[in-house]
There are 2 protein chains.
Amino acid sequence: MTEQRMPTSLELVRWIGWAQRKAGEDWIREREISHEQAFVLGYLVQNPGTIQRDIAAVSRTSAASVTSLLKGLEQRGLVERRAAPDNARVKRVHATPAGAELVAGFPDAMAALDDTILAPLDTAERATLQQLLTKIVAELPQPTRD
Amino acid sequence: MTEQRMPTSLELVRWIGWAQRKAGEDWIREREISHEQAFVLGYLVQNPGTIQRDIAAVSRTSAASVTSLLKGLEQRGLVERRAAPDNARVKRVHATPAGAELVAGFPDAMAALDDTILAPLDTAERATLQQLLTKIVAELPQPTRD
DNA sequence: CTCTAACCATTAGAGATCTAACTGTCAACG
DNA sequence: CGTTGACAGTTAGATCTCTAATGGTTAGAG
């Protein structure tokens, strides 16, 4: 009812992130998989043998979360965790064929989602946005270690 | 190690949102308050007497979450929930002076955070980003009802 | 070699959020 | 009126994520 101040860019980012999660819910629910699990599984298809520590870094979550997240995926036969021959501390995680099949459409679904949410922008504007966001992300403190 | 595909804009948004949350953790933890609680409390200072349903819409969360979130704030004496005289269904929520004082610096802290994260961009670029994001948000499905 | 510190993964426990079901209230319509 | 349907808020139960502590492993210094 009253006039509000202009939202900051970070608030806008927050809202868009929320909308993204909301819009992806159907795809996620159909496969009885959590959003993070789908993300991780998709990442593993592209990067087989990633160790859990790095999965945590990529998905911006904690090592504890990765443990329980993979536990669910492993029980459903969607991933395998194999001991590394050269380093007994780590476990290398691979997506199984069933896992790969489950998330086969994930990148496309994400791209379509991207397209839907960015619909108000034309091609040039999208390119600009991409460029600006990339510039910001490049300077963010990175959770990865190399 | 291997060459990755370019992240989509929505992935970049996701990362920025994560960084935002991470960067705000110190401010939050000092006051022993959760991120969402701080957001809601700050909103209530600006919009006294908001009903819970609208708080849920603004903060993009569920009514159930608002209930438990406000429960914590009320027990600490940071908000008051008053019955509305004209409508027994709703409860109008107000920040107490203690609540207002606790989050007095919140908008400034958010603005400073915004400034830090957007540091890689110059003034013109920030304006462009703001404009593009606003354009996207304007077309998002709105959880509010008016 | 041994000791120490760093590292990876797991577990337990706490906290937050969601969905679904429930209670109480209001409004509309016959 | 009285019934019906929508609405605000709460509760219960489940899921997810985090922090802190633990166990096992590796690398480096003396």
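So that the names make sense, note that chain A is the first sequence line, chain B the second, and so on, each numbered from 1.
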Would you sort out whether B/Val93 and B/Ile51 count as a side-chain contact (heavy atoms from CB on, under 4.5 Å), showing the intermediate values? CA-CA 6 Å; B/Val93 189; B/Ile51 67 174; over 6 Å; no
Is there a side-chain contact (heavy atoms from CB on, under 4.5 Å) between B/Leu121 and A/Lys135 once you walk through the steps? CA-CA 7 Å; B/Leu121 305 186; A/Lys135 219 167 180 177; 3.7 Å; yes
Can you check side-chain contact (heavy atoms from CB on, under 4.5 Å) on A/Val103 and A/Leu44, steps first, answer last? CA-CA 10 Å; A/Val103 294; A/Leu44 287 173; over 6 Å; no
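Phosphate contact (OP1/OP2 of C/dT10, side-chain N/O of A/Gln52, threshold under 4.0 Å): present.
At whole-Å resolution of the value, CD1 in B/Ile55 and P in D/dT10 are 10 Å apart. Rounded to an integer number of Å, the gap from CZ of A/Phe39 to C1' of D/dT17 is 16 Å. Straight-line distance from the CH2 atom of B/Trp18 to the P atom of D/dC18: 10 Å, rounded to whole Å. Taking atom CZ of A/Arg53 as the reference point, atom C1' of D/dT26 lies 15 Å away to the nearest angstrom. If you measure from atom CD1 of A/Ile51 to atom C1' of C/dA9, you get 10 Å, rounded to the nearest angstrom.
Residues from residues 21-36 of chain A that place a heavy atom under 4.0 Å from any atom of DNA chain C: there are none. Within a heavy-atom distance below 4.0 Å of DNA chain D, the residues of residues 64-79 of chain A found are A/Ala64, A/Ser65, A/Ser68. Only B/Arg89, B/Val90, B/Lys91, listed by number, bring a heavy atom of residues 86-96 of chain B to less than 4.0 angstrom from any atom of DNA chain D.
A distance-only check finds no donor-acceptor pair linking the side chain of A/Asp114 to the backbone of B/Thr8 [under 3.5 Å]. Side chain of A/Glu30 to main chain of A/Trp27: no donor-acceptor pair is present (N/O by atom type, distance under 3.5 Å, no hydrogens or angles).
Between A/Gln130 and B/Leu12, some side-chain heavy-atom pair lies under the 4.5 Å cut-off. Contact annotation: the side chain of B/Leu129 never approaches that of A/Thr128 to less than 4.5 Å [non-hydrogen atoms, C-beta and beyond]. Counting heavy atoms from C-beta on, the side chains of A/Ser59 and A/Glu36 come closer than 4.5 Å. The shortest side-chain heavy-atom distance between A/Val58 and A/Phe39 falls under the 4.5 Å cut-off. Inter-residue side-chain proximity for B/Arg126 and B/Asp115 is flagged as met; some heavy-atom pair is nearer than 4.5 Å.
Take the nearest nucleotide of DNA chain D for B/Ala63 and for A/Thr61: the residue whose nucleotide is more 5' is B/Ala63.
Two end axes, each from the C1' atoms of five base pairs, can be drawn for the helix from C/dC1-D/dG30 to C/dG30-D/dC1; they diverge by 10°, to 10 degrees.
Atom CD1 of residue B/Ile55 and atom NZ of residue B/Lys91 lie 12.0 Å apart, to the nearest 0.5 angstrom.
A/Lys22 meets the side-chain hydrogen bond (donor to acceptor under 3.5 Å, both in side chains) test with no other residue; sequence neighbours excluded.
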In residues 63-81 of chain B, what donor-acceptor pairs under 3.5 Å come from side-chain atoms, sequence neighbours left out?
residue, atom, partner, partner atom, Å
B/Ser65, OG, B/Thr61, OG1, 3.3
B/Ser65, OG, B/Ser62, OG, 3.0
B/Thr67, OG1, B/Ala63, O, 3.2
B/Ser68, OG, B/Ser65, O, 3.1
B/Glu74, OE1, B/Arg81, NE, 3.2
B/Glu74, OE1, B/Arg81, NH2, 3.0
B/Arg76, NH1, B/Glu32, O, 2.5
B/Arg76, NH2, B/Arg31, O, 3.2
B/Glu80, OE1, B/Arg82, NE, 3.2
B/Glu80, OE1, B/Arg82, NH2, 3.2
B/Arg81, NH1, B/Gln52, OE1, 3.0

